[in-house]
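What follows is a single structure, written as structure tokens, with notes after it.
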Amino acid sequence: MPAGATSCPPGGFTLQWNLSRGVTMGWTTIKQIFSDHEQLLNQVLEVRGWIRTQRESKNFAFIELNDGSCFKNLQVIYSDTLANFNEAVKYPLGSALKITGTLVASPAAGQPFELQAEKIEVIGLSALDYPLQKKRHSFEFLRTIPHLRPRTNTFMAVFRVRSLLAYAIHSFFHERGFVYVHTPIITGSDCEGAGQMFRVTTLDLKNPPRRQDSEIDFNQDFFGKETNLTVSGQLNVEGFCLAFNRVYTFGPTFRAENSNTQRHASEFWMIEPEIAFADLGDNMQLAEDMLKYIIRFILEQAPQEMEFFNRFINTSLLQRLQRVLDAKFEHITYTRAIELLQKADSVFTFPPQWGSDLQTEHERYLSEKVFQKPVFVTDYPKEIKAFYMRLNDDGRTVAAMDLLVPDVGEIIGGSQREERHGVLKQRITEMGLKTEDYEWYLNLRKFGGVPHAGFGLGFERSVMYLTGMENIRDVIPYPRTPKNAEF
RNA sequence: UCCUCAGUAGCUCAAUCGGUAGAGCAGAUGGCUGUUAACCAUAAGGUUGGGGGUUCAAGUCCCUCCUGAGGAGCCA
């Protein structure tokens, strides 16, 4: 739960941090004022930040200043005894100021203390057509100004949580001995599985070199072959898993699918852990531990932001997250899930049927109606899953798992990998793929292969789940979606 | 990519059956001694997304394109 109203918890920078780097910056952060206001009371301080809002009367005025160090604003009061009072009341919203004044107890309700300004200097004036106003803006409008929206409460909270969440993920894995592997962004193989890829080329698109048969001659391209942006680091990281035992990737991923939904972006980040000497059960335990760890981490490190989300974005957010922390995640096989869905009272647009993939409406029913908490669905028919997933003894299902969470849907997808050389080779052929494209991958089974497993976690979907934000475009600084790569 | 809805002042929205395009906020000017999205007053602010059509008359009806949102598929 959030600390008292006067604290500004971890997540911003501090003067101590500056001093430890041998830099005396000479001004005080708002974060520090909120945490040390009792000692700082009646002292003269300098602050630097941007005007969030300003209210003026005839002889005095208030500025709410935000310096990015913490979620809260500092109320600054100044009177017409200031030499530049008449100019100051006209400084537009968004202007950057350097203010010197005394920290005093506030006589009015709403804030325990305020800065009594003695000097207000402009560092950078804002123009009169500053798009952000003293009112609520729609997310759609703010998406048109992604370079300015981090100056709003919601987006300042979102992107601080996003930053902390990345830290939480590294922290979780490093505490458990995982090695962080940077798999390539540019990939030379198109064997990473389904998903349209973005071509990477230096060829002249207006006049590409042709072979005898008039096909484009990629031998003359930069890498001497066709290359694309990666859609997953999994296959690559498996090699490192069989050396380091516990590894993970965390980096950008690119999908050229023409997806227009709240949950899809063309460029997004993915976390892919891979563990050796492990089966599907170990894999699911890791996923559950990780999800709970990052929730706990964010609740502790960003209480003000989380309180804000709970008030203005989704009023059941904190309750929902607390329930996840308290719950033991549910486990259910695909076959059982189909049975449950077929017996359900709800009428589905697509009747559930063994052999077909679960529809969004089915997933929502399971996580939101039946269990009302995260649920792992396991052991899918082999035909609807990737070739590298381990074939179960029944010969018709594979050791796959999807984690479905209420409101967001599929947040994690993973599997135990097929470690048996012969079975894997046969699966590649069955799926209509060419074994020669997977020689190096098959080699991992030839040279000391062991049972191993892993999963992929959509980073943005995690941010959405933790903040209650409903559109992926609002948790990415500069989102890329079909027909949108501005800025 | 498919389905549905939407696009009117800088922003958020209104405009009845097709009949002179309005309000709040922001911005401007003036007022106000403790404000919290401050408040009060005044003036200003428009090629109704682009193009074409029907009509005496189109923000409104038709066609088309563009853009956005929601849903579906694909997935993370």
Side-chain angles (χ1 to χ4, degrees), chain A residues 52-64 72-73 75-81 89-90 92-94 104-111 114 116 126-145 152-153 193-196 231-234 249-250 252-272 287 312 348-350 356-361 363-364 384-386 402-405 408-414 455-465 470-476 481-484 486:
Chain A
R52 271 293 177 80
T53 175
Q54 165 140 241
R55 299 176 283 274
E56 89 260 15
S57 285
K58 187 182 185 185
N59 305 113
F60 61 93
F62 297 95
I63 288 173
E64 291 213 23
K72 293 200 159 188
N73 302 324
Q75 174 161 295
V76 176
I77 179 166
Y78 62 103
S79 71
D80 58 0
T81 55
V89 296
K90 291 195 183 339
L93 303 194
V104 298
S106 178
Q111 60 287 316
E114 63 195 15
Q116 186 94 46
S126 184
L128 287 177
D129 56 352
Y130 186 60
L132 298 174
Q133 301 168 12
K134 290 193 266 189
K135 56 168 275 191
R136 198 186 144 75
H137 289 286
S138 67
F139 290 149
E140 287 90 336
F141 170 67
L142 292 170
R143 274 172 219 151
T144 68
I145 48 168
T152 65
N153 286 334
Q196 286 290 310
V231 295
S232 164
Q234 182 208 312
T249 71
F250 183 9
T253 323
F254 307 88
R255 304 269 167 100
E257 298 288 351
N258 192 5
S259 294
N260 292 288
T261 79
Q262 295 174 303
R263 296 187 188 76
H264 291 86
S266 311
E267 177 181 311
F268 64 99
W269 285 54
M270 195 154 59
I271 299 116
E272 296 173 291
F312 294 107
F348 297 113
T349 312
F350 297 90
S356 303
D357 214 347
L358 296 179
Q359 303 286 317
T360 300
E361 57 179 344
E363 296 182 347
R364 292 187 74 114
I384 59 174
K385 287 293 180 183
D402 283 355
L403 180 63
L404 313 179
V405 295
V408 170
E410 185 185 336
I411 198 170
I412 284 175
F455 61 82
L457 168 75
F459 182 57
E460 282 78 11
R461 289 188 185 174
S462 316
V463 178
M464 291 165 74
Y465 193 58
E470 290 182 346
N471 195 310
I472 198 167
R473 288 163 264 213
D474 295 329
V475 300
I476 298 175
T481 51
K483 299 259 190 275
N484 182 13
E486 292 299 307

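Chain letters run A, B, ... following the sequence lines, proteins first and then strands; every chain starts at 1. Here the structure is a predicted model, which is why all the values come from computation and not from measurement.
- With hydrogens and angles left out, the side chain of A:E361 and the base of B:G71 share no donor-acceptor pair within 3.5 Å.
- Residue-level contact check: A:N258 touches the bases, meaning some heavy atom is under 4.0 Å from a base atom.
- Between A:T360 and B:G73 there is a side-chain polar atom (N or O) within less than 4.0 angstrom of OP1 or OP2.
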A correct 5'-to-3' footprint of nucleotides 4-14 of chain B, with B, S and - meaning base, sugar-phosphate only and no protein heavy atom under 4.0 Å, is ------BBS--
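- Evaluation of the ring pair (Phe, Tyr, Trp, His ring centres under 6.0 Å) rule for A:F268 yields no partner, not counting sequence neighbours.
- With C1' as the reference atom, B:U67 and B:G27 are 27 Å apart, rounded to whole Å.
- Between B:G51 and B:G59, the two P atoms lie 13 Å apart (nearest whole Å).
- For A:T249, the side-chain hydrogen bond (donor to acceptor under 3.5 Å, both in side chains) partners are A:E272, not counting sequence neighbours.
- At a cut-off of 3.5 angstrom, the base of B:U35 holds no donor-acceptor pair with the side chain of A:E56.
- The residue among A:H264 and A:Q111 whose nearest nucleotide of RNA chain B is located toward the 5' end is A:Q111.
- Using a 90° window around 0 for the glycosidic torsion, B:C17 falls inside it and is classed as syn.
- In terms of the side-chain contact (heavy atoms from CB on, under 4.5 Å) criterion, residue partners of A:N59 (sequence neighbours excluded) are, by chain and number, A:D80.
- One N or O donor and one acceptor, one from the side chain of A:S259 and one from the base of B:C74, sit under 3.5 Å apart.
- When the C1' atom is compared between B:U55 and B:G19, the two are found 12 Å apart, to the nearest whole Å.
- The CG-P distance, from A:N260 to B:G73, rounds to 14 Å in whole Å.
- Within the 4.0 Å cut-off from OP1 or OP2 of B:C74, not a single side-chain nitrogen or oxygen of A:Q196 is found.
- Remark: the separation of the C1' atoms in B:A6 and B:C13 is 13 Å, to the nearest Å.
- Judged as a salt bridge (Lys or Arg N to Asp or Glu O under 4.0 Å), and not counting sequence neighbours, A:R52 has no contacts.
- Nucleotides B:G52 and B:C66 have their C1' atoms positioned 15 Å apart, rounded to a whole Å.
- With RNA chain B read from its 5' end, the first of the two nearest nucleotides for A:R143 and A:K134 is the one closest to A:K134.
- With both ends at atom P, the span from B:U64 to B:A72 equals 27 Å, rounded to whole Å.
- Between A:E272 atom CD and B:C75 atom C1' there is a gap of 13 Å when expressed in whole angstrom units.
- Using a 4.0 Å heavy-atom cutoff across all strands shown, A:I77 reaches at least one base atom of the nucleic acid.
- Judged purely by atom type and a 3.5 angstrom limit, A:E257 uses its side chain to pair as donor or acceptor with the backbone of A:Q196.
- Note on A:I412: only backbone sugar-phosphate atoms sit closer than 4.0 angstrom, heavy atoms only; bases stay farther off.
- Shown here are the side-chain hydrogen bond (donor to acceptor under 3.5 Å, both in side chains) partners of A:Q111, two or more places apart in sequence or in another chain: A:S106.
- If you measure from atom CZ of A:F268 to atom C1' of B:C75, you get 8 Å, rounded to the nearest angstrom.
- A:I472 comes within 4.0 angstrom of a nucleotide base, judged by non-hydrogen atoms across all strands.
- Across the protein-nucleic acid pair, A:R263 atom CZ and B:A69 atom P stand 15 Å apart, rounded to whole Å.
- Computed from coordinates, the A:R55 CZ to B:A37 P distance equals 7 Å when rounded to whole Å.
- Partner A:M464 forms a side-chain contact (heavy atoms from CB on, under 4.5 Å) with one of A:N471, A:I472, A:I411 and no other, that one being A:I472.
- For the pair A:Q116 CD and B:G34 C1', the interatomic distance rounds to 11 Å; values are reported in whole Å.
- Across all strands, A:E114 comes closer than 4.0 Å to base atoms (heavy-atom distances).
- For the 3.5 Å distance criterion, the side chains of A:T81 and A:S79 qualify, holding a donor opposite an acceptor.
- If you take atom P in B:A57 and the same atom in B:U20, they sit 15 Å apart, rounded to whole Å.
- Partners of A:R143 according to the salt bridge (Lys or Arg N to Asp or Glu O under 4.0 Å) rule, which considers only residues two or more places apart in sequence or in another chain, are A:D474.
- Here A:F60 lies in heavy-atom contact (under 4.0 Å) with sugar-phosphate atoms only.
- Between the CD atom of A:Q262 and the P atom of B:G73 there is a distance of 13 Å, given to the nearest Å.
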For A:Q54 and A:I63, what are the C-alpha separation, side-chain angles and deciding distance, and is it a side-chain contact (heavy atoms from CB on, under 4.5 Å)? CA-CA 4 Å; A:Q54 165 140 241; A:I63 288 173; 3.1 Å; yes
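- Using a 4.5 Å cut-off on side-chain heavy atoms (C-beta onward), A:V89 and A:Y78 make contact.
- Taking atom P on both B:G45 and B:A21, the two are 14 Å apart, rounded to the nearest angstrom.
- What separates NZ of A:K483 from C1' of B:U1 is a distance of 11 Å, to the nearest Å.
- With a cut-off of 3.5 Å on both pairing distances, the Watson-Crick and G-U wobble pairs of RNA chain B assemble into stems of 3 or more at B:1-7 with B:66-72, B:10-13 with B:22-25, B:28-31 with B:39-42, B:49-53 with B:61-65.
- With sequence neighbours left out, A:R55 forms a salt bridge (Lys or Arg N to Asp or Glu O under 4.0 Å) with A:E64.
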